[in-house]
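Inspection log for the structure reproduced underneath, given as structure tokens.
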Amino acid sequence: MDNSKSKTWSIVLTMGFTLGLVGISGMVLSDDDDDYEGNDRWSQSRLDVAPVDNAFYKEECGSCHFPYQPGLLPARSWQRLMDGLEDHFAENAELEAADVEQLTTYLTENAADTSDYKRSRGISRSLDKNDAPLRISTTRYFKRKHHELPDRMVKDNPDVRSFSNCELCHERAAQGSYDEHQVKVPGYADWDD
Amino acid sequence: MKTSDDALRKGLFILLLAVPLVSQASVVDEQLVSYQATGAGPFSAQKGEQLWQQKVVSEKDGRTRSCTTCHGNDLRSTGKHAKTGKTIEPLSPAVNAESLSSAKKIRKWFKRNCKWTWGRECTPQEKGDLLSFIRNQ
């Protein structure tokens, strides 16, 4: 009797303590971007960016490459990119005006500078106000996260070719997860820091 | 009883197979009619095949480009995007029920791919020849 009572208490106490910890780390994380790398473990279950939830976007912007989440660039970047689809990274990606408008609305309404997700805020913060890069892979935030990868793993890797192919290394990219613990560079053993 | 069930199932199966084929055929036929309305035709699958293989040196990067650059020579197998490496589903309607099933999609990709590959838009005659070739693969 006594024994089981004290057991119950210890469970309640442990739970309370754990909840408190999670609460604290949640608070710390909620105003960090990624400067608390050590605490990342706590947020693994959280998504990095909002997943794409628009079938038309997936179809139109996912035919030549992985459909990047709107939360990976600020609205001003998307606007600039959508204004120049005829010459899109040396490719022709032009669309009818009505389609351009529909996609631009989706992109800008869900852009990095309007999103609360961790990576969106990190990317947004790494840019100057007037900076409107057309690539995610040239943002300061992206470069900082990938500076450890040598050319032989990316540009010179026939199974990857370009940093633009997020989904080849980030196996759960389509679900909006870019966690560094779920990365695998094709042709190389598991990525380990 | 059993045999009629079987027959029914068989019939349904054939119907299911036929539906996408019918819709592809009518979409392609509509396109051909619209090209004819501009004075083009008759169309030749053989000419289409030559166009498919036609190589043009790009003014942009000095490299040779053709439809096969991304779609490959065998339209029944998957292609690979020249730049990004992303897999492109086979163009042959016989193995890919979605191919050539939407007029809007055909228009969109003709515009982009002709401009990118040959540096200009395709004429209605060329589009008719190309579609006649692709649909038979």
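Just so it is clear: chains get the letters A, B, ... in the order the sequence lines come, proteins before strands, and each one is counted from 1. Given the structure is predicted, the values throughout are model-derived calculations rather than measurements.
- In this structure, a donor-acceptor pair under 3.5 Å is present between the side chains of B:S58 and B:D61.
- For residues 162-174 of chain A, a heavy-atom distance under 4.5 Å to chain B picks out A:N165, given by residue number.
- Within residues 82-98 of chain A, the residues that have a heavy atom under 4.5 Å from a heavy atom of chain B are A:E86, A:F89, A:A90, A:E91, A:N92, A:A93, A:E94, A:L95, A:E96, listed by number.
- Residues B:L32 and B:R135 meet the side-chain proximity criterion, which asks for heavy atoms closer than 4.5 Å.
- Of the inter-residue distances, the one linking A:I123 atom CD1 with A:F142 atom CZ reads 9.0 Å to the nearest 0.5 angstrom.
- Remark: the A:Q69 side chain and the A:Y57 side chain contain no N/O donor-acceptor pair separated by less than 3.5 Å.
- A:Y141 and A:R119 are linked by a side-chain donor-acceptor pair at a separation below 3.5 angstrom, with hydrogens and angles left out of the test.
- If you check the side chains of A:Q182 and A:S177, you find a donor sitting under 3.5 Å from an acceptor.
- For B:R63, the CZ atom is loosely surrounded, since the number of other residues' heavy atoms within 6.0 Å does not exceed 12.
- There is no side-chain donor-acceptor pair under 3.5 Å between B:Y35 and B:D129.
- Heavy atoms of A:D159 lying under 4.5 Å from chain B are absent altogether.
- A cation-pi arrangement is absent between B:R65 and B:W118, since the terminal nitrogen or guanidinium carbon is not both under 6.0 Å from the aromatic centre and inside a 45° cone about the axis.
- Side-chain atoms of B:N73 and B:Q53 include a donor-acceptor pair closer than 3.5 Å.
- Using a 4.5 Å cut-off between heavy atoms, B:K83 contacts chain A through both its backbone and its side chain.
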